[in-house]
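Being a predicted model, the structure only gives us computed values, none of them experimental. We name chains A, B, ... by the order of the sequence lines, and we start the count at 1 in each one.
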Amino acid sequence: MKNKARGWQVITEWLAAHDRQPFVFQEEAWEHYIQGRSGLVNAPTGYGKTFSLFLGSVIDWINQHPKDYKQKTKNGLQMLWITPLRALAKDIARAMIEVLEELDMPWQVGIRSGDTPVSTRQQQKKQMPEILIITPESLHLLLGQKDYPKVFTTLTTVVADEWHELLGSKRGVMVELGLSRLRGLAKGRAPLRVWGISATIGNLDEALDVLLGKPDPTAVIVRARLDKQIELQSILPDEIEKYPWAGHLGTKLLPKALPIILNSKTTLIFTNVRSQTEIWYHEILRQCPELAGAIALHHGSIDMELRVWVEDALHEGILKAVVCTSSLDLGVDFRPVDTVIQVGSPKGVARFLQRAGRSGHQPGAVSKIWFLPTHSLELVEAAALKAAMKEQLVESRMPVLLAFDVLIQYLMTLGISDGFHGAEIWEEITGTFCFRDMTEEEWQWTLSFLTTGGEALYSYDEFKKLEREDDFYICRSRQLALRHRLHIGTIVSDAMLKVKFISGGFIGVIEEGFIARLQPGDAFSLAGHTLEFVMIKDMTALVRKSKAKRAIIPSWMGGRLPLSANLGSVLRRTFSEAMSGNTTEPELKILQPLFNLQENLSHVPKDDELLVEKINTQDGFHLFVYPFEGRLVHEVMATLLAYRISKRQPITFSIAMNDYGFELLSDQEIPVTDEDVHELFSLENLSTDLQTSVNATEMARRKFRDIAVIAGLIFQGYPGKHKANRHLQSSASLLFNVFRDYDPQNLLLRQAFSEAFFYQMEEARLRESLERIYNNKIIITEPAQLTPFCFPIKVDSLRESLTSEKLADRIKKMRPQF
DNA sequence: GACCTGCTGCGGTATG
């Protein structure tokens, strides 16, 4: 295998034999690779990016070491493969071993992650495999071992797999920092070759920059020159007039989805919410009992073992359908899946594409995805998604900047292994994308915070973590080192209780708050089982099987993904099209009666218009506004508007919002007219108005909790031992106050505020949308009754104050007739 | 009888 033609041939043959398209390593890319360049490979999921890159690098190695090929040699660690998912690590390892066998290469492939057994770890300590697949957290744990540089002396290549998944998060920052150290260790040798593997995102160039840290003019992006064909079809109700105007469940359309499931080999049904998967699972079985045993459900609060069982069953093709949340979004491909149903809004174009890509894995096959709306208006999203996909309006992943919490954790990691020299690490860190704008002053603050505890905590010894000897920093406390190892990582979880059968066997986790409301004997549902709650013991909820007909579905406090900016803007455009009358989209056609009603009662906004509805009901005076900017932006915008209106005249509001718009409700007439409505959206005095109206301190306080945990200021207790969430929250709050009062320059405090502005208020997006609205036409209507647009928002705001029974009554009364 | 919202991911000790 001396020449590249032979190498290329091996790759092509292998990929073809394994049903994957050999498009990634084109001649040109291969050339880049063997010249030792770094870069980024981009292609849709399931198209063999991983394998092409892997084969390419192995064959390149063979070319460079022709004599060692096929010999059992101890080469040491050659390649580090970073993956965000443990499950993915296993998949990749399996495929790699297969490839190596075929090439007759006696290389070892190892996995290093949380579930790597101790014996394997010790084995690896003695001798590293040639290829190590690792998570970002485990990489940092390696960097926290004594003599860690020895492990990496032979390393030539690092691959960041699923880089788009890590990029926008603090886990991505961990990768950046890890890479900076590995590059530092490689100084004096051939520079590390670093490759990213990424699905399509809006900012691929930036993704490469983040991976590289310092610009590298020779680095390349290898793009797949193919368009994955995706076909979207909506599941339409027979009579749109009878389909709900609000809601998020979608079970009314299940009878229409069932034939699709029955006619497919294997179907994935994606929902947005964990409780929703439980509800759908039960509902499917109720309507189609013959599916018992052939369907399963999968979400993040179901015990790992059960999930793995479901995943294996998917691989083997023995399941007819799996109801799941985005826990099945990542990496691992399930070939038997031929049909995907998305229930409700996917909230973003990228996520939708990814889910669609779960079907039709075979090269050239069309991925088909069904969209099942949970309320009428959501059908517009289907039409918008089609347009967005056609135009490739995939969202960007914004890299995290200046995450001082992660930096502090990292420095401590280096401190507990061999210690570090300030100047050397400063050099490396400012070479990362995340910290390239860090000032010398900030660096000095960080070091002094770690050695003294900073201005507020200097009198507490436990915060003097590192000892300083000239420019050398090291942690000499075994106790602190131990604690630190337990806290490496950036994922801060909420306190959950495990659920276990009395007879043995874990089922999953639920929130403390949910179980606190249960009485022994109550029935609830988890992982598809109906369970009877027996008691709590050792922070575990013990249950037995129940035959109860009615069971409470647990709810989990999860994230609230807002509608993405991309999807929002296409959505606004789609409304314009819907009213143009010459649309061919079935989703828009079927909605025509609804649009007509909206137009008669009020107005359907065009692309360059903002609709404001003033409605009086027995509840009071409502102002509905529809920017289609996602709920986070709406929340802040609503608060801002309420404040600006109240400056005109004393008035109080209650606020409600969803992804499409928001509501201000008052008991007095709301003073907004055509003449003065524009100035409510003005950028003038925006910062001061925001500071007065939005409680930024409270938002920052909430953000600070994670920051304090990541920076290692709060000890979360030993594994297995429970520490109530309350304690965590209160100690974080305490620290927040202490910093605010005694150390206002504290960088972690500052970070909490900037995270609140960036992630919670989405300040940049808020500004953009205000500017857009300010330059748009604003149409104020005064409908005589609630409109299809405002209905979902109104229902949401009622839900908080009413029981579901009363709510159903109220909704019946509220709903206007066509 | 139902117009029930709120995702995902990782990691770890020590003694007999």
task: Measure from the side-chain heavy atoms of A:Arg121 and tell me the nearest of B:dG9, B:dC3, B:dG12.
output: B:dG12
message: For a quick check under 3.5 Å, do A:Glu613 and A:Gln598 share a side-chain donor-acceptor pair by atom type?
response: yes
task: Using heavy atoms to find the nearest nucleotide of DNA chain B for A:His248 and A:Gly489 separately, return the residue whose nucleotide is more 5′.
output: A:His248
query: What is the distance from NZ of A:Lys90 to P of B:dG9, rounded to the nearest Å?
result: 13 Å
message: Mind checking if A:Arg560 touches a base, just sugar-phosphate, or nothing, with heavy atoms under 4.0 Å?
response: base
- prompt: NA contact type, A:Leu141, heavy-atom cut-off 4.0 Å: base, sugar-phosphate, or nothing?
  reply: sugar-phosphate
Can you give me the N/O atom pairs linking the protein to nucleotides 14-16 of chain B at distances under 3.5 Å, or say none if there are none?
none

query: A:His140 near the nucleic acid: base, sugar-phosphate alone, or nothing, with a heavy-atom cut-off under 4.0 Å?
result: nothing
field: Phosphate OP1/OP2 of B:dT5: any A:Thr271 side-chain N/O under 4.0 Å
entry: no
- line: A:Asn272 CG to B:dC4 P, in whole Å, measures 15 Å
- prompt: Taking CE from A:Met304 and P from B:dG9, how many angstroms apart are they, rounded to a whole number?
  reply: 6 Å
query: Looking across every strand, which nucleic acid part, if any, lies under 4.0 Å from A:Ser113 by heavy atom: base, sugar-phosphate, or nothing?
result: sugar-phosphate
Report, one line per pair, each donor and acceptor closer than 3.5 Å where one atom sits in a side chain of residues 555-564 of chain A; sequence neighbours left out.
{"residue": "A:Trp556", "atom": "NE1", "partner": "A:Ser301", "partner atom": "OG", "Å": "3.2"}
{"residue": "A:Trp556", "atom": "NE1", "partner": "A:Val509", "partner atom": "O", "Å": "3.1"}
{"residue": "A:Ser564", "atom": "OG", "partner": "A:Glu395", "partner atom": "OE2", "Å": "2.5"}
{"residue": "A:Ser564", "atom": "OG", "partner": "A:Leu567", "partner atom": "N", "Å": "3.2"}

- request: Tell me, please, which residues at least two apart from A:Ser345 pass side chain to side chain donor-acceptor pair (under 3.5 Å).
  value: A:Glu381
- prompt: Between A:His487, A:His140, A:Gln145, A:His484, which is the residue that forms a side chain to side chain donor-acceptor pair (under 3.5 Å) with A:Thr413?
  reply: A:His484
- request: Please determine if a side-chain N or O atom of A:Ser275 lies less than 4.0 Å away from the OP1 or OP2 oxygen of B:dG6.
  value: yes
task: Not counting sequence neighbours, which residues clear side chain to side chain donor-acceptor pair (under 3.5 Å) with A:His622? List them please.
output: A:Thr617, A:Glu663
field: d(NE2, A:His299; C1', B:dG6) in whole Å
entry: 13 Å
message: If the condition is salt bridge (charged side-chain N to carboxylate O under 4.0 Å, His left out), which residues does A:Arg181 pass it with, not counting sequence neighbours?
response: A:Glu424, A:Glu428
- request: Could you tell me whether the phosphate oxygens of B:dC7, OP1 or OP2, come under 4.0 Å of any side-chain nitrogen or oxygen in A:Arg274?
  value: yes
task: For B:dG11, take OP1 and OP2 only and decide whether either is under 4.0 Å from a side-chain N or O of A:Ser138.
output: yes
message: What is the distance, to the nearest angstrom, from the CD atom on A:Glu283 to the P atom on B:dT5?
response: 15 Å
- prompt: For A:Arg483, which contact category applies under a 4.0 Å heavy-atom criterion: base, sugar-phosphate, or nothing?
  reply: nothing
message: Please classify the nucleic acid contact of A:Arg307 as base, sugar-phosphate, or nothing, using heavy-atom distances under 4.0 Å.
response: sugar-phosphate
task: Under the ring pair (Phe, Tyr, Trp, His ring centres under 6.0 Å) rule, collect the residues that match up with A:Tyr626, sequence neighbours excluded.
output: A:Phe789
query: How close or far is atom P of B:dC10 from atom CZ of A:Arg171, stated in whole angstroms?
result: 6 Å
message: Quiz question: going by heavy-atom distance under 3.5 Å, is there a donor-acceptor pair between the base of B:dG6 and the side chain of A:Arg631?
response: yes
task: Kindly indicate whether the side chain of A:Ser493 and the base of B:dC10 share any N or O donor-acceptor pair separated by less than 3.5 Å?
output: yes
A:Arg112 vs A:Lys347, nearer the 5' end of DNA chain B by closest nucleotide: A:Lys347
- prompt: Mind checking whether A:Phe662 and A:His634 have parallel, tilted or perpendicular rings, split at 30° and 60°?
  reply: tilted
query: Can you tell me if the side-chain N/O atoms of A:Arg86 get under 4.0 Å from OP1 or OP2 in B:dG11?
result: yes
task: Take the protein atom CG of A:Leu85 and the nucleotide atom P of B:dC7, then report the distance between them rounded to whole Å.
output: 18 Å
field: A:Asp522/A:Arg517 ion pair, N-O < 4.0 Å
entry: no
- line: The nucleotide from B:dC4, B:dC7, B:dG9 with an atom nearest the side chain of A:Val273 is B:dC7
field: Nearest listed nucleotide, side chain of A:Glu137, among B:dC7, B:dG11, B:dT13
entry: B:dG11
query: Counting side-chain heavy atoms from CB outward, which of B:dG1, B:dT5, B:dC7 is closest to A:Ser555?
result: B:dT5
- request: Classify the nucleic acid contact of A:Thr325 as base, sugar-phosphate or nothing, counting any heavy atom under 4.0 Å across all strands shown.
  value: sugar-phosphate
query: Just how far, in rounded Å, is P of B:dC7 from CH2 of A:Trp556?
result: 8 Å
